[in-house]
Amino acid sequence: MMGTSVLNHSHHLLPSKDIQQSLDLSLKQKEQECLCLLKKCKSLEEFKQVHVQILKLGLFWDSFCSSSLLSTCALSDWSSMDYACSIFQQLDEPTTFHFNTMIKGYVNNMNFESALNLYADMFQREVEPDNFTYPVVLKACARLAAIEEGMQIHGHVFKLGLEDDLFVQNSLINMYGKCGDIELSCAVFRRMEEKSVASWSAVISAHARVGLWRECLMLFEDMSREGCWRAEESILVSVVSACTHLGALHLGRCAHGALLRNITELNVAVRTSLVDMYVKCGSLQKGLCLFQNMTKRNQLSYSVIISGLGLHGHGRQALRIFSEMVEEGLEPDDVIYVGVLSACSHSGLVEEGLDIFNRMKNEYGIKPTMQHYGCVVDLMGRAGLLEEAFELVKSMPIKANDIIWRSILSACKIHDNLKLGEVAAENLFRSSSHNPSDYLVLSNMYARAQQWENVAKIRTKMFEDGFVQTPGYSLVEVKRKVYQFVSQDKSNCKSGKIYEMIHQMEWQLRFEGYMADTSQVMLDVDEEEKRERLKGHSQKLAIAFALIHTSQGSAIRITRNLRMCTDCHTYTKLISMIYEREITVRDRNRFHRFKDGNCSCRDYW
DNA sequence: GTAGGGTTAG
């Protein structure tokens, strides 16, 4: 009774405008309360309760309230896109913000197709995207590697005049980079007037992605020079990765230092990439040391150390670490088995390798890939189990590639099995990638068997088939810079000095009884020309350059894209003795450590 | 009044 009379009383006193205001005020308060509740939601269930309350109060039709509702549902860590979608569909006129929220929600939940579909929907419903829409939509394109859509969206960006937005530009660089179109990625980057660290990060990782490692380092240098420098983990990891591929130990060390100075706690990924860098740059000890100091390790960490030990010819140790890994309860995957098997093949651990291969198939149920077969065929072939290797190739469920046939061929050469060698060569000649060394190996085998007619036949066939030789190069790091040399290189500004040095080296080598081995020069030219050609092999140029520009007694490290020819191998052994230098060469296959006239591969590679 | 970019390794 009391309540009614008070209400009547106040109704009588207050003008109606004020009532409306006080009602609005209480509604505002309720709205505030609901928004507070939304922020506190920890699960979809809690969220649904608040949703019901908002519907009851009729607040849903307020654009701000529905925005908050939607973004809570779509973007929190318990987000449910299904539920968000049902809310979204109830909106009469979804705004740009609503669309942005939904697209972002889909992207967060890795549903990139739906994100792009919704973006297309925006156009149909004539809702104009804004500068917040594009970073998200472009991310979806990047993850889907959908360059066609990406380019179309780039067009929309221009049409809406958003091409100068820093965030949109960074997303474009990233999108093109992830789609593998390095040129468009660079084009966006270059026309930017102001660049942020994220811009550099995006363009550097775009280059890392397609393996343009030297460009990666050059961009990193540009970035430091332009003063847009913040030691960021992601950028430094790209740099470390570039160093790994280029064999640039010194630069890699600098990046490691920068990481230690700027990042308090290095995560597993960073540590693993550092281990990989040290090992693949020839510093096995440092890599091992870092690996042993890792408190947390995963499959990838084990993978890099196992294959690294294999590359350096430490098969037994690789196997020890492999069993440590299994003991730790980490399940080996197919890539690790490639590392383990190749470690066995590099160290001639036949029984162990075959045992592991069988256990991999039978106990762990991993289906062997071409790479596994390649390792095992190599392992058997080197050990002289040629028939067995050949049987394995025949029984494989996949068609052998040329790597496998090449490994059979080289095993046949080592163990003098001309018959099988012919079969392997036959298969190689039939494949599309013509490699001159295949012709050479077979013709040498014929020569050994004194079948001169066949030698001539192979030589003719070689020129008829018109093989294409992959251009070889050698990389060497001098004073924190990586220099690249190609065969017969005259491009380096100091090349006059290099050829002078080559001349001097030759002169000293002759005292040691060096004779150029022209048997692997696959050119139809006379002996003198062949000797000239050998002198200009990229590895020799790189060694000469390093001898000139590094201090006496310091080690030289070279990285090559191809395997070494026998002449370069002999040559480097002698140079290591004459100049008293340790020379480490990482070729396509493994490491060679030259010291005092010997090589760690014991001339077997 | 609500929100955005680059995140790496075998």
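Just so it is clear, the values below take in all heavy atoms, side chains as well, and ignore hydrogens, waters and symmetry mates. Per chain, numbering begins at 1; letters A, B, ... match sequence-line order. This one's a predicted model, so the numbers in the text were calculated from it and none came from an experiment.
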Legend entry - Spacing of CD1 belonging to A:Ile87 relative to CG belonging to A:Asp82, to within rounding of 0.5 Å: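 So the gap between those two atoms works out to 11.5 Å.
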Inset, instruction - State the CE-CD distance between A:Met122 and A:Glu128, to the nearest 0.5 angstrom. - result: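 Rounded to the nearest 0.5 Å, the CE-CD separation comes out at 8.5 Å.
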Nearest-angstrom distance from the residue atom [atom1] of [X] to [atom2] of [N]:
X	N	atom1	atom2	answer
A:Lys104	B:dA3	NZ	P	10 Å
A:Ile54	B:dT2	CD1	C1'	13 Å
A:Met102	B:dT2	CE	C1'	16 Å
A:Asp164	B:dG4	CG	P	22 Å
A:Phe99	B:dG4	CZ	C1'	18 Å
A:Leu75	B:dG4	CG	C1'	12 Å

Inset, instruction - Grab the two heavy atoms, one from A:Ile153 and one from A:Cys141, that are nearest each other, plus how far apart they are. - result: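 It is CD1-SG, 3.6 Å.
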Legend entry - A:Phe64 ring over B:dT2 six-membered base ring, under 5.5 Å and 30°: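 By the stated criterion, A:Phe64 and B:dT2 do not stack.
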Legend entry - hbond_proxy A:Asp165 side chain to B:dG4 base (donor-acceptor, 3.5 Å cutoff):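 Such a pair is found, so the answer is yes.
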Could you list the protein-to-nucleotides 6-10 of chain B atom pairs, N/O on both sides, closer than 3.5 Å?
{"unit_1": "B:dG6", "atom_1": "N1", "unit_2": "A:Glu232", "atom_2": "OE1", "d": "3.0"}
{"unit_1": "B:dG6", "atom_1": "N1", "unit_2": "A:Glu232", "atom_2": "OE2", "d": "3.4"}
{"unit_1": "B:dG6", "atom_1": "N2", "unit_2": "A:Glu232", "atom_2": "OE1", "d": "2.1"}
{"unit_1": "B:dG6", "atom_1": "N2", "unit_2": "A:Glu232", "atom_2": "OE2", "d": "3.1"}
{"unit_1": "B:dG6", "atom_1": "N3", "unit_2": "A:Ser201", "atom_2": "OG", "d": "3.2"}
{"unit_1": "B:dT7", "atom_1": "OP1", "unit_2": "A:Lys178", "atom_2": "NZ", "d": "2.6"}
{"unit_1": "B:dT7", "atom_1": "OP2", "unit_2": "A:Lys178", "atom_2": "NZ", "d": "3.3"}
{"unit_1": "B:dT8", "atom_1": "O4", "unit_2": "A:Glu233", "atom_2": "OE1", "d": "3.3"}
{"unit_1": "B:dT8", "atom_1": "O4", "unit_2": "A:Asn267", "atom_2": "ND2", "d": "3.0"}
{"unit_1": "B:dA9", "atom_1": "N1", "unit_2": "A:Asn298", "atom_2": "ND2", "d": "2.9"}
{"unit_1": "B:dG10", "atom_1": "OP1", "unit_2": "A:Asp276", "atom_2": "OD2", "d": "3.4"}
{"unit_1": "B:dG10", "atom_1": "N1", "unit_2": "A:Asp333", "atom_2": "OD2", "d": "2.8"}
{"unit_1": "B:dG10", "atom_1": "N2", "unit_2": "A:Asp333", "atom_2": "OD1", "d": "2.5"}
{"unit_1": "B:dG10", "atom_1": "N2", "unit_2": "A:Asp333", "atom_2": "OD2", "d": "3.1"}
{"unit_1": "B:dG10", "atom_1": "N2", "unit_2": "A:Ile336", "atom_2": "N", "d": "3.3"}
{"unit_1": "B:dG10", "atom_1": "N3", "unit_2": "A:Ser303", "atom_2": "OG", "d": "2.9"}

Legend entry - Aromatic ring proximity A:Phe88/A:Phe99, centre distance under 6.0 Å: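 When the ring centroids of A:Phe88 and A:Phe99 are compared, they turn out to be within the sub-6.0 Å range.
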Inset, instruction - Give a yes or no on whether A:Lys39 atom NZ has more than 12 heavy-atom contacts from other residues, nucleotides or ligands under 6.0 Å away. - result: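 No, because the 6.0 Å sphere around NZ of A:Lys39 holds 12 heavy atoms or fewer from other groups.
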Legend entry - Touch class at under 4.0 angstrom, heavy-atom based, for A:Ile173 against every strand present: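 Nothing, no heavy atom under 4.0 Å.
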Legend entry - Worked verdict on A:His207 versus A:Phe189 for ring pair (Phe, Tyr, Trp, His ring centres under 6.0 Å): CA-CA 12 Å; A:His207 284 82; A:Phe189 180 76; 8.5 Å; no
